[in-house]
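Reading through the structure tokens given below for one structure.
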Amino acid sequence: MLDRKFVVENIDLIAKNCVDRGVKVDVSKLPELEAARKAKLQEAEQLNAKANKLSKTIGKASAEERPAIIEEGKQIRAQKDEASAEQDRLEAEIDDIMRQIPNLTHPAAPIGVDDKDNLELSRGVTEPRQFDFPVLDHVEIGENLDLIDFEAGAHVAGNGFYFLKNEAVLLELALQQYVVQLLMKEGFTPTITPDLARTEILYGIGFNPRGPETQIYSIENTDLNLVATAEITLGGMKSGKVFEAENLPEHYCGVSHCYRTEAGAAGRASRGLYRVHQFTKVEMFAFTLPEDSEATLEKFRDLECRIFDGLEVPYRVVDTSTGDLGGPAYRKYDLEAWMPGRGEAGEYGEVTSTSNCTDYQARRLNIRYKNKGEKGTHFVHTLNGTAIALSRGIIAVLENHQQADGSITIPEVLRPYMGMDVIPARG
RNA sequence: GGAGAGGUGGCUGAGUGGUCGAAAGCUCCGGUUUGCUAAAUCGGUGUACGAGUCAAAUUGUACCGCAGGUUCGAAUCCUGUCCUCUCCGCCA
């Protein structure tokens, strides 16, 4: 959610930004609606003030005087109720438009309609390997080495679910350890978060849990939803809070399961672990002062690069185009790992994503900070970034480190956590 | 799941229908005093949205978990809901 006053005063800028972002919403009526709403609000407040004043005289009034004063008070309140009902109606109409408006856009973000317009910024230190044997994809590898059982997943939960087995379990745990250890050294407070969250929190972060387009599983007869990312719970953790400026920034990382319906994703790259209904993720999240958020985004990006450099996986970093930013992000970098088993001769596939949401989420979640000795509060900036999505991380490790004999070499950084150097080929 | 108790300002904690944005204390900020520190003492100290002003001063409304309701008037009464605590049951 953007600041309403800002929107009304910069309506042309907002309209253009919506076009760039590919969001179809008519903002032209907003200034008029807001003016009408304010007028009604003032009318209601004035009537209320009048009635309040009158009410205070009743306590002191004599028994004979009272009925007349009470009658007058009733009439004023009735008028006030009318004005305030109109105000509520306008408020709802404005809010409906406001919540469709995406965040502002960083001036450097490439203008475009989808991920094809993303701008490549850099590459990782590891070069894509030249394989001198037929490259397998992770589904084949998983089958050959008995690491992933999609059939069993489908059997118990349907398509899009899977069992990790044998060394794949160690690999998932090792990746978690590697990443969490690295982030702790960087000053992140590690957490394991709830996998469910209230609808209200989802809204605050910018997810819409109801409706046909939703990515979110909801629990029937409750106000709870399965989270699609720990971003939801980590951001929601501080909703309604006021930080002392001197305590910012606060950096958290959260391990959670992520559940996504993937509605409307039919036909998109979905083989194997790439697009699944459940996976585990280590998420980074930061609450910062406004002036620090851009630097924090660069820090998150750098951490994501270091994580994948450490895994000896080739990747590229892209600056996400306006059409692909989603609602809350002001700027977003995606890290796309090289997946040699994908497509004809390998393709890049998104593995992480980091966003500066500026005050867009904070405003809805009501997360503020105050400067010591200064009156008033300001909204914090929030940032999120994938440290590692385990499902896609596993694809990248398996496919990039496969050997001619079918075995998988374990990247150096994972060996202490795996307790092995190699996942051996099977007989 | 059952039975109780409770949710008040940054914190502790009064307040059961009328002048309560809310006592008192703490914290914090400023002043005074003290050779410095500590202490003492005086004053100030919530948030949001408005009006007002060059900026202030000043001023209106709302907010006592949240949402409704009763009433001329609600922190206070009623309903729902969320959360916390205690006990019991169940359970990893």
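Note on naming: letters A, B, ... go to the chains in the order of the sequence lines (proteins, then strands), and numbering restarts at 1 for each one. Owing to the predicted nature of the structure, the values given are computational and were not obtained by experimental measurement.
Figure legend. B/U53 is base-paired to no nucleotide; pairs are counted as Watson-Crick or G-U wobble with both atom distances under 3.5 Å. Under the Watson-Crick or G-U wobble criterion, with both distances below 3.5 Å, B/A23 is left unpaired in every strand shown. Pair assignment for B/U86: B/A3, on the basis of Watson-Crick or G-U wobble contacts that are both within less than 3.5 Å. Nucleotide B/C77 forms a pair with B/G69, judged by Watson-Crick or G-U wobble geometry with both contacts under 3.5 Å. Nucleotide B/A62 forms a pair with B/U47, judged by Watson-Crick or G-U wobble geometry with both contacts under 3.5 Å. Both distances falling under 3.5 Å, in either a Watson-Crick or a G-U wobble arrangement, occur for no nucleotide opposite B/C91. The partner of B/A40, taking Watson-Crick or G-U wobble pairs whose two distances both stay under 3.5 Å, is B/U32.
Going from the C1' atom of B/U70 to that of B/C83 covers 26 Å, rounded to whole Å. Separating the C1' atom of B/G25 from that of B/U61 is a span of 31 Å, rounded to the nearest Å. Taking atom C1' in both B/U8 and B/U47, one finds a spacing of 15 Å when rounded to whole Å. On the P atoms, B/A22 is 13 Å away from B/U59, given to the nearest whole Å. For B/U71 and B/G9, the C1' atoms lie 27 Å apart once the distance is rounded to whole Å. Comparing B/G46 with B/C28, their C1' atoms sit 13 Å apart, to the nearest whole Å. The P atoms of B/C66 and B/A75 are separated by 12 Å, rounded to the nearest whole Å. Nucleotides B/U34 and B/U27 place their P atoms 23 Å apart, quoted to the nearest Å.
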>> I'd like to compare against my own output: the B/S/- annotation of nucleotides 77-85 of chain B with a strict under-4.0 Å heavy-atom distance to protein.
In response: -----SS--
> When every nucleotide of nucleotides 45-58 of chain B is labelled 5' to 3' by its protein contacts under 4.0 Å (heavy atoms), B for base, S for sugar-phosphate only, - for none, what sequence of letters results?
Replying inline: --SS-SS-------
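Ring geometry, A/F188 versus A/F300: the interplanar angle falls from 30° to 60°, so the pair is classed tilted.
Atom P of nucleotide B/U59 and atom CD of A/Q46 are separated by 17 Å, given to the nearest angstrom. The nearest whole Å value for the distance from the CG atom in A/D81 to the P atom in B/G68 is 13 Å. To the nearest angstrom, P of B/U59 lies 12 Å from NZ of A/K53.
Applying the ring pair (Phe, Tyr, Trp, His ring centres under 6.0 Å) test to pairs two or more places apart or on separate chains, those with a residue in residues 198-249 of chain A are A/F243-A/F287. The list of salt bridge (charged side-chain N to carboxylate O under 4.0 Å, His left out) pairs with a residue in residues 170-186 of chain A, not counting sequence neighbours, reads A/E186-A/R306. Residue pairs meeting the salt bridge (charged side-chain N to carboxylate O under 4.0 Å, His left out) criterion with at least one partner in residues 141-163 of chain A, sequence neighbours excluded, are A/D146-A/K165. For residues 410-427 of chain A, the set of pairs meeting the salt bridge (charged side-chain N to carboxylate O under 4.0 Å, His left out) definition, not counting sequence neighbours, comprises A/E167-A/R426, A/E412-A/R415.
Looking at A/T105 and A/R21, their side chains do bring a donor and an acceptor atom within 3.5 Å of each other. Side chain to side chain, A/R260 and A/Q215 fail the donor-acceptor criterion of an N or O pair below 3.5 Å.
With sequence neighbours excluded, the residues that form a side chain to side chain contact (heavy atoms under 4.5 Å, CB included) with A/I76 are A/L47, A/K50, A/A51, A/L54, A/E72. Residues satisfying the ring-ring contact (aromatic ring centres under 6.0 Å, His included) test with A/Y330, not counting sequence neighbours, are A/H106. Considering only residues two or more places apart in sequence or on other chains, A/F379 meets the ring-ring contact (aromatic ring centres under 6.0 Å, His included) condition with none of them. Remark: A/R4 pairs with A/E34, A/E91 by the salt bridge (charged side-chain N to carboxylate O under 4.0 Å, His left out) rule, at least two apart or across chains.
Heavy-atom neighbours of A/E82 CD from other residues, nucleotides or ligands within 6.0 Å: at or below the threshold of 12.
Expressed to the nearest 0.5 Å, how far CD of A/E350 lies from CG of A/L335 amounts to 9.0 Å.
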Pull out every protein N or O sitting under 3.5 Å from an N or O of nucleotides 72-76 of chain B, one pair per line with the distance.
from	atom 1	to	atom 2	distance (Å)
B/C72	OP1	A/K74	NZ	3.3
B/C72	O4'	A/I70	O	3.4
B/C72	O2'	A/S55	OG	3.3
B/G73	O4'	A/S55	OG	3.4

Check nucleotides 7-13 of chain B for protein N or O atoms closer than 3.5 Å to its own N or O atoms and list the pairs.
none

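With a 4.5 Å cut-off on side-chain heavy atoms, A/E312 and A/N400 do not count as touching.
Salt bridge A/K5/A/E9: absent, no basic N to carboxylate O contact under 4.0 Å.
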